[in-house]
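For reference, the structure discussed in these notes is given below.
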Amino acid sequence: MTDPVSILNDPFKNKGTAFTETERTTLGLNGLLPAKVQTIQEQVDQTYAQYQTKVNNLEKRHFLMEIFNTNHVLFYKLFSQHIVEFMPIVYDPTIADTIENYSELFVETQGAAYLDINHPENIAASLKNAANGRDIKLVVVTDAEGILGIGDWGVQGVDISVGKLMVYTAASGLDPASVLPIVIDGGTNNQQLLDDPLYLGNKFNRIRGQQYYDFIDKFVDQIETVFPNLYLHWEDFGRSNAANILNKYQDKIATFNDDIQGTGIVVLAGILGALKISGEKLTDQTYMSFGAGTAGMGIVKQLHEEMVQEGLSDQEAKKHFFLVDKQGLLFDDDPDLTPEQKPFAAKRADFKNAAELTNLQAAVTAVKPTILVGTSTHPNAFTEAIVKEIASYTKRPIIFPISNPTKLAEAKAEDLLKWTDGKALVGNGVPVNDIQYNGDTYQIGQVNNALIYPGLGFGAIAAKSKLLTPEMISAAAHSLGGIVDTNKVGAAVLPPVAKLAEFSKTVALAVAKKAVEQGLNREPIDDVEKAVDDLKWEPEY
């Protein structure tokens, strides 16, 4: 018989005061709980009332983590009823505060696996120890070198993996017992951590080069052996490593990098939604990226792949893209271009005034983009003059200032509508309340990766897919971009986060169908919809 105390201490099994009298007798829990048997809703209401007493977001997150660490079913039931309110608490932006204070406030491992770059021989054992006999289907792994907005936080970045997996379950319904957060501790270049006596990670500068990539190789080999039906999600790796890792493994295993692909897919979905409203074709658009780092180039790559799937050749599609960074329009003879930037840099010979194109205004005037997306973290860069310039030659300019937090956004959605007389199709990086303009209500779609990655991963896992292909990604983007009301003035280009669970299933089904259509399923699947439904976690209460 299972030790009753261990049941109450196991967040995957514990139901707290919701254990029935029969269960209490069967499991040996009599005398270990108060007499009243609560319903799940009574627990949720009681817990939410306690949550509301917390005075700031950091306290609220710590409280929710206490619930998560003791009772997963209660946590996710509570999360599902307050998803819009909890998303910024459980994940971005509040999670940044917990990462920065992780070592100082450390209490729980939260079921994570901590992999030490000095001990590759321990990888398999560490994975098995952390899984503790569970059938792991999804892993989110980080080395926390490039956490959005705050940079390198070493082993403390494990909270990113934990938070990401919370969103997976809340949005898609994936069983939390089938997921595993992982951090690779390869050192840190954050001097604050290296000088901190409380820091819990390796106190040396980040390991680079062959030793690092050998460790990643062994990690991928071992994790595929230990968890053979795995979907591997990479999160917040540094700019110098993220693309290298994804490029090496994406044709070998079912793997995904949210920073490179996730932002790209949700921007693609938003643009497809915008084009559904405008009635135009993607292959007729000219795209300008303001910001050519990991996120910016991930978006460009995703849109390029979609144009190729829609019939353009590789070279024809590349002609539709222009990159602007701090030095202005990027040209192909710039020796400092990254491997991701080189294929999309403009030809200097195509511009008579190339030497003058050193800022966004000049680049817009020369290129005449119909789509402008900002990942620059350069606040207010999309000026009234730039926006009116774009609106002068395209009826429905697509403008996505997606840098976050709000203080770093390239423009305010309200200004974009005002400067274009309500014609701009806007996607924002942070939530925006409905905007009243000329008597109409405009809803602004949030370009939030959570709109796409939970359903994408769930669909690939349900299909037991060997790979995550461009076709599966395209299916995900189209399924999400199709959820727009083209008959409504001011309709959002993306569905609201409030309906995350609903459309995550739509995305999952589209992805799973495409995987089976491509013959990527490891096992025969006769009914794709049933496979998706069967994977959904149904906790017993």
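Hydrogens, waters and symmetry mates play no part in the numbers below; they use all other heavy atoms, side chains included. Being a predicted model, the structure only gives us computed values, none of them experimental.
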Below 4.5 Å, heavy atoms only, C-beta onward: do [X] and [Y] meet side chain to side chain?
X      : Y      : answer
Val158 : Thr142 : no
Lys488 : Gln443 : yes
Tyr102 : Asp159 : yes
Gln261 : Leu456 : no
Asp143 : Val183 : no
Val324 : Ser289 : no
Thr98  : Gln156 : no
Lys368 : Glu389 : yes

Between [X] and [Y], is any side-chain donor less than 3.5 angstrom from a side-chain acceptor?
X      : Y      : value
Tyr91  : Lys164 : yes
Thr441 : Asp434 : no
His320 : Asp284 : no
Thr358 : Gln327 : no
Thr469 : Gln518 : yes

Grab the two heavy atoms, one from [X] and one from [Y], that are nearest each other, plus how far apart they are.
X      : Y      : value
Glu340 : Ala243 : OE2-CB, 3.3 Å
Leu425 : Ala274 : CD1-O, 3.5 Å
Ile95  : Val90  : CD1-O, 4.0 Å
Gly482 : Lys276 : O-NZ, 3.0 Å
Ala317 : Leu312 : CA-CD1, 4.0 Å
Tyr76  : Leu165 : OH-O, 4.1 Å

Start with the C-alpha gap between Arg348 and Asp332, add the side-chain angles, then the distance that decides, and say whether salt bridge (Lys or Arg N to Asp or Glu O under 4.0 Å) holds.
CA-CA 7 Å; Arg348 190 173 294 274; Asp332 57 359; over 6 Å; no
Residue pairs meeting side-chain hydrogen bond (donor to acceptor under 3.5 Å, both in side chains), one or both in residues 399-411, sequence neighbours left out, come to Ser376-Glu410, Ser403-Glu410
Take a 6.0 Å sphere around NZ of Lys54 and say whether it holds more than 12 heavy atoms from other residues, nucleotides or ligands.
yes
Q. Where does the angle between the aromatic ring planes of Tyr51 and Tyr48 fall among parallel (under 30°), tilted (30 to 60°) and perpendicular (over 60°)?
A. parallel
Notebook entry, point to check: Using the ring of each side chain (for Trp, its six-membered ring), is Tyr442 parallel, tilted or perpendicular to Tyr437, with breaks at 30° and 60°?
Noted result: perpendicular
Which value, rounded to the nearest 0.5 Å, describes the distance between [X] atom [atom1] and [Y] atom [atom2]?
X      : Y      : atom1 : atom2 : value
Leu64  : Glu59  : CG    : CD    : 12.0 Å
Ile99  : Ile147 : CD1   : CD1   : 4.0 Å
Ser504 : Lys536 : OG    : NZ    : 9.0 Å
Leu138 : Thr169 : CG    : OG1   : 8.0 Å
Ile371 : Leu275 : CD1   : CG    : 6.0 Å
Lys301 : Phe344 : NZ    : CZ    : 8.5 Å

Looking at [Y], is its backbone amide N or carbonyl O close enough to the side chain of [X] to form a donor-acceptor pair, meaning the two atoms are under 3.5 Å apart?
X      : Y      : result
Lys342 : Leu337 : no
Gln285 : Lys281 : yes
Thr420 : Leu416 : yes
Glu306 : Pro470 : no
Asn353 : Glu356 : no
Ser479 : Ala476 : yes

message = Closer than 4.0 angstrom, basic N to acidic O: yes or no for Asp97 and Arg61?
response = no
Salt bridge or not between Lys514 and Glu517? Use side-chain N to carboxylate O under 4.0 Å. yes
Output, in order, the C-alpha distance, side-chain angles, deciding distance and verdict of side-chain contact (heavy atoms from CB on, under 4.5 Å) for Ile271 and Phe400.
CA-CA 9 Å; Ile271 288 172; Phe400 287 11; 4.0 Å; yes
Asp152 meets the salt bridge (charged side-chain N to carboxylate O under 4.0 Å, His left out) criterion, sequence neighbours left out, with Arg206
| request: Measure centre to centre between the rings of Phe458 and Tyr168, then say whether the value is under 6.0 Å. | output: no
Please assess His233 against Phe256 for the test ring pair (Phe, Tyr, Trp, His ring centres under 6.0 Å), listing each intermediate value before the final yes or no.
CA-CA 5 Å; His233 174 135; Phe256 170 75; 5.2 Å; yes
